[in-house]
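Comments concern the structure below.
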Amino acid sequence: MRTKLEKGTYGYLKRSRLYAWKKAGLMLSVPVLIFLISWFIHGTRENVITVVAVVGCLPGCNQVVRAILASRYPSMDRELWEKTEAVRGTLPVLYENVFTSYEKNYYVDCIAVSGRETVGYSSASDLDAREAAEHIRSQLRKSSYKQNVMILKEENAFLERLGRLAGSDPEPVPFKEDDRYPGWTRDEIVLHLLQAISL
């Protein structure tokens with residue numbers, strides 16, 4: 001039995017892309033089927049059922065847009081995932097992130113959180129690492145979490161930085177339990193906020 005992949009896990013984008021296209025096909029097939037049956041029964045397209053079918057296509061069209069957006073981003077390289085898993089130790093890591101803003105999207109293969117430090121790696125050639133880091137930093141700040149965010153474009157530099165973070169204790173950060181997330185640690189909340197701003 002297949003289990004649903006959660007956002008931030010390896011393979012999420014591939015599974016999400018397949019799911020989005022299947023859902024789009026299903027959502028569009030129902031109104032098209034209603035239209036064809038109505039046309040067959042009434043012998044004409046000019047009836048109220050045609051209007052219902054056309055309006056019924058709108059959610060499916062919206063899903064097609066989501067599927068196209070999901071198709072723009074491939075899953076991360078398995079070799080990179082294996083290297084990251086070998087280095088990260090117990091650090092929490094989110095994989096295959098597409099951080100969204102009104103202006104643009106930022107693809108970050110993986111991002112780790114350790115105390116006030118957040119470090120990520122992106123293989124996207126067109127990504128502006130400083131701009132992506134600033135976007136993530138500002139989104140976390142809006143939720144009252146100040147983080148030092150660094151997005152690296154060099155894989156070896158990222159793995160080295162991740163290894164250093166995994167091998168040392170995080171800097172203690174004053175933290176009062178958040179009423180919105182009872183029982184959660186600061187790192188868990190930061191990870192949750194990162195997932196919330198990602199596709």
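For the numbers below, each heavy atom of this structure counts, side chains included, while hydrogens, waters and symmetry mates do not. No experiment lies behind these values; they were computed from the predicted model shown.
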- Test side-chain hydrogen bond (donor to acceptor under 3.5 Å, both in side chains) applied to D178 and Y145, step by step: CA-CA 11 Å; D178 195 325; Y145 289 90; 2.7 Å; yes
Going by atom types only, do [X] and [Y] share a side-chain donor-acceptor pair under 3.5 Å?
{"X": "T100", "Y": "N105", "answer": "no"}
{"X": "E85", "Y": "Y95", "answer": "yes"}
{"X": "D77", "Y": "S123", "answer": "no"}
{"X": "Y106", "Y": "E131", "answer": "yes"}
{"X": "W21", "Y": "S71", "answer": "yes"}

[X] side-chain N/O to [Y] backbone N/O, donor-acceptor pair under 3.5 Å:
{"X": "T118", "Y": "V113", "result": "no"}
{"X": "R137", "Y": "V149", "result": "yes"}
{"X": "E177", "Y": "G183", "result": "yes"}

- Message: For R186, give me all partners under salt bridge (charged side-chain N to carboxylate O under 4.0 Å, His left out), at least two apart in sequence or on another chain.
- Response: none
So which atom in [X] and which in [Y] form the shortest heavy-atom distance, rounded to 0.1 Å?
{"X": "V87", "Y": "A166", "answer": "O-CB, 3.6 Å"}
{"X": "C110", "Y": "M76", "answer": "SG-CE, 4.3 Å"}
{"X": "I151", "Y": "S122", "answer": "CG2-CB, 4.3 Å"}
{"X": "Q147", "Y": "L140", "answer": "CG-CD1, 3.6 Å"}
{"X": "L28", "Y": "C61", "answer": "CD2-N, 3.9 Å"}
{"X": "Y73", "Y": "R17", "answer": "O-NH1, 3.2 Å"}

In terms of side-chain geometry, is the basic nitrogen of [X] or [Y] positioned less than 4.0 Å from the acidic oxygen of its partner?
{"X": "R130", "Y": "E134", "value": "no"}
{"X": "E117", "Y": "R161", "value": "yes"}
{"X": "K7", "Y": "E96", "value": "no"}

- Indicate, with yes or no, if L152 and L127 share a hydrophobic cluster defined by side-chain heavy-atom contacts under 4.5 Å among Ile, Leu, Val, Met, Phe, Trp and Tyr. no
- Query: Do Y107 and Y121 share a hydrophobic cluster (ILVMFWY, side-chain heavy atoms under 4.5 Å, transitive)?
  - Reply: yes
- Query: So, H135 versus F99, ring centres under 6.0 angstrom or not?
  - Reply: no
- Item | Pair W81-R78, side chain to side chain contact (heavy atoms under 4.5 Å, CB included): steps then yes or no | CA-CA 5 Å; W81 174 72; R78 183 170 180 83; 3.7 Å; yes
